[in-house]
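Since the structure comes first, as structure tokens, the remarks are kept for the end.
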Amino acid sequence: QSCGTRSTGESDDKEYVGFATLPNQVHRKSVKKGFDFTLMVAGESGLGKSTLVNSLFLTDMYRDRKLLNAEERITQTVEITKHVVDIEEKGVKLRLTIVDTPGFGDAVNNTECWKPVADYIDQQFEQYFRDESGLNRKNIQDNRVHCCIYFISPFGHGLRPLDVEFMRALHQRVNIVPVLAKADTLTPAEVERMKNKIREEIDHYGIRIYQFPECDSDEDEEFKLQDQALKESIPFAVIGSNTVVEAKGRRVRGRLYPWGIVEGNAGLPLWGQGHGWDRLWALTPRPPQWRTRPTATS
Ligand code: GDP
């Protein structure tokens with residue numbers, strides 16, 4: 001038998017393999033099945049994590065949250081909680097899981113308070129790998145964490161020791177996206193100063209945060225510029241709000257101050273608006289370094 005290339009030209013278009021339609025088929029299947037996305041939020045309590053999650057996904061993910069008082073927080077250990085919500089938009093289903101870490105950074109002694117978080121992430125990987133090599137591969141529940149948004153306080157002078165410790169312990173395990181919380185409490189110049197300081201420290205301590213992928217070279221110029229601006233603005237300055245206020249005749253999610261209104265997510269203009277989510281979809285739950293880590297024994 002000779003082994004040559006088979007023409008799929010117009011003359012014999014019945015004889016085709018059909019791989020040209022594969023992307024569509026895969027796409028259709030994924031759309032039908034829906035997507036799983038697991039997002040972890042970490043950082044001290046009170047930095048606006050739940051408010052931002054609710055503003056990003058226009059939902060109330062934390063209906064049954066119990067807030068602790070100061071005394072309870074001092075002795076509390078880090079917990080891992082999960083909130084799951086099914087979101088459907090234009091026929092596309094998204095199963096969104098938010099993993100929260102209440103108690104992180106709250107105690108008097110926060111040494112190794114990243115440990116339960118690291119253990120949780122490792123356990124999800126191990127479970128997935130076990131299921132993947134098991135018999136019931138088709139129905140695997142994938143709980144691996146795609147991304148961890150790490151909230152940095154706007155009230156310090158850059159990173160705190162706890163931030164450095166957390167990010168260094170976790171950067172091999174999960175894609176970390178650092179954000180500067182409650183950016184409306186700083187002036188634009190202060191935001192810039194804080195961002196520069198944080199970038200310097202991330203570099204200095206050898207923290208490997210998530211690197212957004214290069215955009216395709218055939219994208220139009222405007223998209224490329226937006227993409228560049230997005231990358232240069234890391235750590236994103238974020239503002240969350242769950243209140244709808246009226247600004248110049250428009251109803252927006254924002255924070256109302258005596259001097260005016262700050263629109264929510266002002267420092268994060270592209271997230272949640274098509275472009276940004278494309279970037280988040282690009283996050284794989286398995287950071288490139290994962291494979292090189294020794295497999296933990298359980
Ligand atoms: P969490 O403990 O990190 O989940 O923080 P919360 O989302 O519960 O927010 C704590 C407090 O900060 C609440 O009173 C929020 O209204 C307020 N808050 C949340 N996000 C922002 C923000 O971006 N700017 C300001 N100024 N306050 C915020």
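In what follows, every heavy atom counts, from backbone to side chain, and hydrogens, waters and symmetry copies are set aside. Ligands are counted one by one from 1 in listed order, and the atoms in each one are counted from 1 as well.
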K224 side chain vs S217 backbone, donor-acceptor pair below 3.5 Å: yes
Spacing of CD1 belonging to I209 relative to CD1 belonging to I202, to within rounding of 0.5 Å: 4.5 Å
Partner set under salt bridge (charged side-chain N to carboxylate O under 4.0 Å, His left out) for D119, not counting sequence neighbours: K115
Those atoms of ligand 1 less than 4.0 Å from some heavy atom in S45: 2 (O)
I239: numbered ligand 1 atoms lying under 4.0 Å from its heavy atoms: 23 (O)
Interatomic distance, L159 atom CG to E200 atom CD [nearest 0.5 angstrom]: 10.5 Å
Qualifying residues under salt bridge (charged side-chain N to carboxylate O under 4.0 Å, His left out), relative to D86, sequence neighbours excluded: R95
Polar atom proximity, S50 to ligand 1 (N or O, under 3.5 Å): yes
Donor-acceptor side-chain pairing of Y128 and N143 below 3.5 angstrom: no
Ligand-residue contact atoms, ligand 1 with K49, heavy atoms, under 4.0 Å: 1 (P), 3 (O), 4 (O), 5 (O), 7 (O)
Shortest reach to atom 2 (O) of ligand 1 by a heavy atom, considering only G46, G48, A42: G46
Close N or O approach (T51, ligand 1; < 3.5 Å): yes
Test of proximity, L47 against ligand 1: N or O pairs below 3.5 Å: yes
